[in-house]
Amino acid sequence: MPLTEDTLSRLGTEVPLPKIDRALQELWAGDEAKTRASLINFAIYSEDPGAVASNHDHLEKITAHHSCRALLITCLPEAPQQRARAWINALCRPYQGKQVVCSEQISFLLEGGGGAQVQNVVFGHLDSDLPLFIWWQASLRHLEERLYSRLHTLIVDTCAWADPRTELDHLLAAREAAGFDVRDLSWTRSHFLRTALASAFQDAKAREHLPSIEQIEITHAPGQRCSALLLGGRICQRLGAELSPSIPGLVFQKPDGSPLRILLQEAPGACALSRLQLKAPCLDLAVIRDGTSAYVHTTASCEGHSHEEMLPADVVTDAELISSQLSRAGGNTHFRAALPLLGRMLQRDSQPQ
């Protein structure tokens with residue numbers, strides 16, 4: 001989709017790069033009703049010109065809950081001529097009915113530039129010493145060391161990767177070198193299923209049969225296979241199972257030596273993951289979400305005893321997922337444990353990404 005001036009006009013007031021700081025000062029001068037607030041630096045990096053409008057919308061929704069210096073960076077490295085443009089804007093929301101609290105947004109369009117230009121733009125426009133969070137929407141091959149060494153948190157979406165195995169190698173190498181925190185929207189999409197599953201095993205009878213689970217079935221929407229792989233792999237880890245060294249496919253070996261198989265099924269759906277089912281000789285447990293329903297339905301059948309429960313479902317939009325991540329203090333230890341396993345599962349997974 002071509003990038004038009006009409007789309008760019010939504011980003012605010014265009015200013016020359018050298019005058020960004022002065023233009024921001026003028027934006028707040030004399031307006032006592034508005035208060036500038038910033039707790040973090042939050043950047044979105046994309047190389048898709050068609051994503052400018054949607055990313056601007058994401059920032060409006062995210063800053064409604066999280067005050068920040070917002071950087072929207074659209075880089076077009078293949079453009080024939082090198083050019084850089086910038087826009088400033090105030091993203092405001094009411095606060096206690098009297099004041100208006102605003103986040104600053106600085107948007108950049110970088111044409112024909114490389115990694116050095118991106119780094120200079122980011123480092124030159126951060127808000128003091130506040131931590132830097134970046135939602136990286138492009139290939140991680142373009143995320144260079146000088147930039148990721150300054151990161152506090154990198155947000156990715158493994159389901160959006162064209163080549164998940166290669167991108168994961170880049171991610172793990174960068175994280176090993178710099179030690180930044182990693183958040184994955186694909187992992188966050190499974191939160192409501194993981195929460196419902198834990199609730200189902202509050203039943204003592206169901207817990208008794210946990211070690212005997214033989215099969216995990218997950219239904220996912222097109223393009224959401226990594227979300228399903230992460231969910232299935234983490235459940236196997238929690239059961240103490242390891243990826244089988246001798247059996248091909250997504251087969252794990254439990255501590256007693258018996259196999260535990262993961263079956264993935266793709267089906268059209270409004271949410272990334274619509275069904276999770278665990279099967280054992282005397283247990284059948286399912287967590288189901290229909291469409292965009294605000295609830296998940298959990299059913300468990302065990303030794304003639306059945307139990308059903310309705311639980312609230314999580315958010316589904318990318319902006320809501322990002323806000324959810326920003327609300328959580330500290331890193332995600334469960335995801336860190338599942339991430340290296342994802343690479344090994346991708347090698348075993350027979351379905352092309």
Side-chain angles (χ1 to χ4, degrees), residues 8-46 51-74 85-109 118-137 147 150-156 180-183 185 188 314-315 317-332:
L8 293 173
S9 67
R10 294 184 56 196
L11 301 177
T13 303
E14 184 170 6
V15 297
L17 264 67
K19 297 184 178 180
I20 289 177
D21 290 338
R22 177 181 295 180
L24 287 173
Q25 292 174 4
E26 294 174 352
L27 188 65
W28 306 113
D31 193 342
E32 297 181 356
K34 293 181 179 179
T35 301
R36 186 182 74 88
S38 183
L39 299 176
I40 62 171
N41 293 290
F42 178 73
I44 298 178
Y45 176 85
S46 172
V52 170
S54 61
N55 281 335
H56 175 67
D57 291 341
H58 289 326
L59 284 179
E60 286 188 328
K61 295 172 182 176
I62 292 167
T63 55
H65 303 282
H66 304 277
S67 299
C68 62
R69 166 69 66 84
L71 304 177
L72 176 54
I73 304 169
T74 304
R85 301 171 64 184
W87 295 259
I88 64 167
N89 194 15
L91 303 175
C92 302
R93 68 183 189 277
Y95 179 70
Q96 294 184 347
K98 298 180 180 180
Q99 291 180 306
V100 176
V101 176
C102 303
S103 295
E104 293 176 336
Q105 176 181 333
I106 313 175
S107 303
F108 299 93
L109 177 61
V118 174
Q119 294 159 18
N120 291 337
V121 162
V122 173
F123 296 148
H125 297 92
L126 296 181
D127 194 352
S128 64
D129 296 323
L130 296 176
L132 172 59
F133 292 65
I134 293 184
W135 178 9
W136 194 267
Q137 297 179 354
L147 181 54
R150 294 277 300 275
L151 277 177
H152 178 280
T153 298
L154 177 69
I155 301 173
V156 298
F180 52 80
D181 187 26
V182 180
R183 310 289 177 91
L185 300 189
T188 311
D314 272 357
V315 297
T317 69
D318 285 351
E320 290 173 316
L321 293 172
I322 292 287
S323 291
S324 174
Q325 292 284 9
L326 295 179
S327 298
R328 298 174 186 175
N332 192 320

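Because the structure is predicted, anything quoted here is derived from the model rather than measured.
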* Going through the distances and angles, do Gln105 and His56 end up as a side chain to side chain contact (heavy atoms under 4.5 Å, CB included)? -> CA-CA 9 Å; Gln105 176 181 333; His56 175 67; 3.2 Å; yes
* Structure fact -> Heavy-atom closest pair (Ala319 atom, Ile62 atom, distance to 0.1 Å) is O-CG1, 3.9 Å
* From Ile40 atom CD1 to Arg69 atom CZ, the distance as rounded to the nearest 0.5 Å -> 12.5 Å
* OG of Ser38 to CG of Leu130: how many Å apart, nearest 0.5 Å? -> 5.0 Å
* Side-chain (Asp127) to main-chain (Asn41) donor-acceptor, under 3.5 angstrom -> no
* **Evaluation steps, side chain to side chain contact (heavy atoms under 4.5 Å, CB included), between His66 and Ser103** => CA-CA 8 Å; His66 304 277; Ser103 295; over 6 Å; no
* **Given Ile106, Ile134, Leu109, Val122, the one that forms side-chain contact (heavy atoms from CB on, under 4.5 Å) with Ile73** => Val122
* Structure fact -> Shortest non-hydrogen pair, Arg10 vs Asn89, comes out as O-ND2, 4.4 Å
* Are side-chain N/O atoms of Arg93 and Ser67 paired as donor and acceptor at under 3.5 Å? -> yes
* Could you tell me whether a side-chain N or O of Ser324 sits under 3.5 Å from a main-chain N or O of Glu320, the two making a donor and an acceptor? => no
* May I ask you to decide if the ring planes of Phe108 and His125 are parallel, tilted or perpendicular, using 30° and 60° as cut-offs? => tilted
* Chi angles and distances behind the side chain to side chain contact (heavy atoms under 4.5 Å, CB included) call for Trp136, Leu147 -> CA-CA 12 Å; Trp136 194 267; Leu147 181 54; 3.8 Å; yes
* Trace of the side chain to side chain contact (heavy atoms under 4.5 Å, CB included) decision for Asp318 with Trp135 -> CA-CA 11 Å; Asp318 285 351; Trp135 178 9; 3.8 Å; yes
* What closest approach, in Å, do Ser327 and Ser323 show between heavy atoms, and which atom pair accounts for it? -> OG-O, 2.8 Å
* Could you grab the distance from atom NE2 of His58 to atom OG of Ser46, nearest 0.5 Å is fine? => 10.0 Å
* Under the criterion ring pair (Phe, Tyr, Trp, His ring centres under 6.0 Å), which of Phe42, Phe133, Phe180 is the partner of His152? -> Phe133
* Asked: When rounded to the nearest 0.5 angstrom, what distance separates CG in Leu24 from CD1 in Ile88?
  -> 4.5 Å
* Structure fact -> Closest heavy-atom pair, Trp87 versus Gly12, reported as atoms and distance to 0.1 Å, is CD1-O, 3.8 Å
* Structure fact -> Output for pair (Ile322 CD1, Arg183 CZ), nearest 0.5 Å, gives 10.0 Å
* Asked: When rounded to the nearest 0.5 angstrom, what distance separates CG in Leu59 from CG in Leu11?
  -> 9.5 Å
* Do you know which two heavy atoms are closest between Asn55 and Gln137, and how far apart they sit? -> OD1-NE2, 2.9 Å
* **Non-hydrogen side-chain atoms of Lys61 and Thr317 separated by less than 4.5 Å** => no
